[in-house]
Amino acid sequence: MNEKHIQMISLVMIVAGLTFVVFLYSTEPRSFAEVTSKGSVAIGTYSVDRSEFDRGLAAFRQEDFAGARASFDRGDPEKRDAPTQFYVAYSYYRQGWGRLSNDDALFQAGLESASRALAIDPNLRVADQTLVMKTPLELRNELDEGLKLTASDLNPLKLMRERK
């Protein structure tokens with residue numbers, strides 16, 4: 001190998017190393033798992049861990065909403081999957097819904113997740129037959145209405161309404 005090839009290879013290795021250091025400083029990962037997930041987002045190969053998503057969906061259907069969100073967060077650590085973020089928002093809605101009043105903190109967190117799902121995929125429509133609301137837009141509107149204080153909140157017939 002001649003001297004010119006060695007210099008070129010060394011230069012490429014230095015540029016690659018500097019690029020990696022800049023990537024680490026810009027993303028500030030706390031663990032190696034974060035490095036790999038942020039790296040996969042950067043190169044366009046990010047995907048959801050299906051086993052964690054399925055575990056979260058099972059917990060959601062058993063009405064263990066905090067456990068479902070924990071599984072969804074493990075399955076989608078970068079919050080880049082629209083269906084996962086939709087189910088996260090729906091779990092906040094179901095946990096925060098009440099006949100007399102709604103939990104504003106949970107509804108606000110759900111609103112953020114629904115908005116994130118809508119930003120990722122505005123045309124998302126979930127085919128889950130157990131859900132009343134099928135799109136992030138419907139869910140976001142329901143969460144937004146739940147955060148507003150109106151005269152209809154004092155209506156005694158509100159006690160008869162059903163959770164969606």
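For clarity, every value in this text was computed on a predicted model and none was experimentally measured.
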Non-hydrogen atoms of Gly56 and Ala68 that approach each other most closely: O-CB, 3.3 Å
Under a 4.5 Å side-chain heavy-atom rule over Ile, Leu, Val, Met, Phe, Trp and Tyr, are Leu11 and Ile6 clustered together? no
For Ala82, give me all partners under side-chain contact (heavy atoms from CB on, under 4.5 Å), at least two apart in sequence or on another chain. Ile120, Asp121, Leu124
Going from CZ on Phe72 to CZ on Arg55, what distance comes out if it is rounded to the nearest 0.5 angstrom? 11.5 Å
Is it true that the side chains of Tyr87 and Asp128 contain a donor and an acceptor less than 3.5 Å apart? yes
Hey, could you give me the CE/CD distance between Met8 and Glu3, rounded to the nearest 0.5 Å? 13.5 Å
Out of curiosity, does Leu57 fall in the hydrophobic cluster containing Tyr92 (side-chain heavy atoms, cut-off under 4.5 Å, transitive links)? yes
Judged by atom type as modelled, is there a donor-acceptor pair below 3.5 Å linking the side chain of Tyr90 to the main-chain atoms of Met133? yes
Working note: Gln85 + Asp76, criterion side chain to side chain donor-acceptor pair (under 3.5 Å); need CA distance, chi angles, decisive distance, verdict. CA-CA 8 Å; Gln85 294 307 305; Asp76 184 20; 3.1 Å; yes
Before you tell me yes or no, could you show the steps for Ser91 and Arg94 under side chain to side chain donor-acceptor pair (under 3.5 Å), namely the whole-Å CA-CA distance, both residues' side-chain angles and the distance that decides it to 0.1 Å? CA-CA 5 Å; Ser91 71; Arg94 288 223 172 142; over 6 Å; no
Plane angle bin for Phe107 and Tyr93 - parallel if under 30°, tilted between 30 and 60°, otherwise perpendicular: tilted
Closest approach of Ala89 and Ala114, non-hydrogen atoms and distance? CB-N, 3.5 Å
Would a hydrophobic clustering, with Ile, Leu, Val, Met, Phe, Trp and Tyr connected at side-chain separations under 4.5 Å, put Val48 with Leu118? no
Give the minimum heavy-atom separation between Asn102 and Gly98, together with the two atoms involved. OD1-N, 3.2 Å
Sorted by chain and residue number, the side-chain contact (heavy atoms from CB on, under 4.5 Å) partners of Leu111 (sequence neighbours excluded) come out as Gln108, Arg140, Leu143, Asp144, Leu147
So which atom in Glu138 and which in Lys134 form the shortest heavy-atom distance, rounded to 0.1 Å? OE1-N, 2.8 Å
To the nearest 0.5 Å, what is the distance between CZ on Arg74 and OG on Ser51? 9.5 Å
Please check this pair: side chain of Glu63 against backbone of Arg61, looking for a donor-acceptor N/O pair closer than 3.5 Å. no
Quick one: do Leu131 and Leu137 end up in the same hydrophobic cluster if we chain Ile, Leu, Val, Met, Phe, Trp and Tyr together by side-chain heavy atoms under 4.5 Å apart? no
So, using side-chain contact (heavy atoms from CB on, under 4.5 Å) as the criterion, who are the partners of Asp73 when residues are at least two apart? Lys79
Side chains of Thr135 and Arg125: do they bring a donor and an acceptor to under 3.5 Å? no
Phe60 ring center near Phe65 ring center (under 6.0 Å): yes
Using modelled atom types and a 3.5 Å cut-off, is there a donor and acceptor pairing between side-chain atoms of Ser113 and backbone atoms of Gly110? no
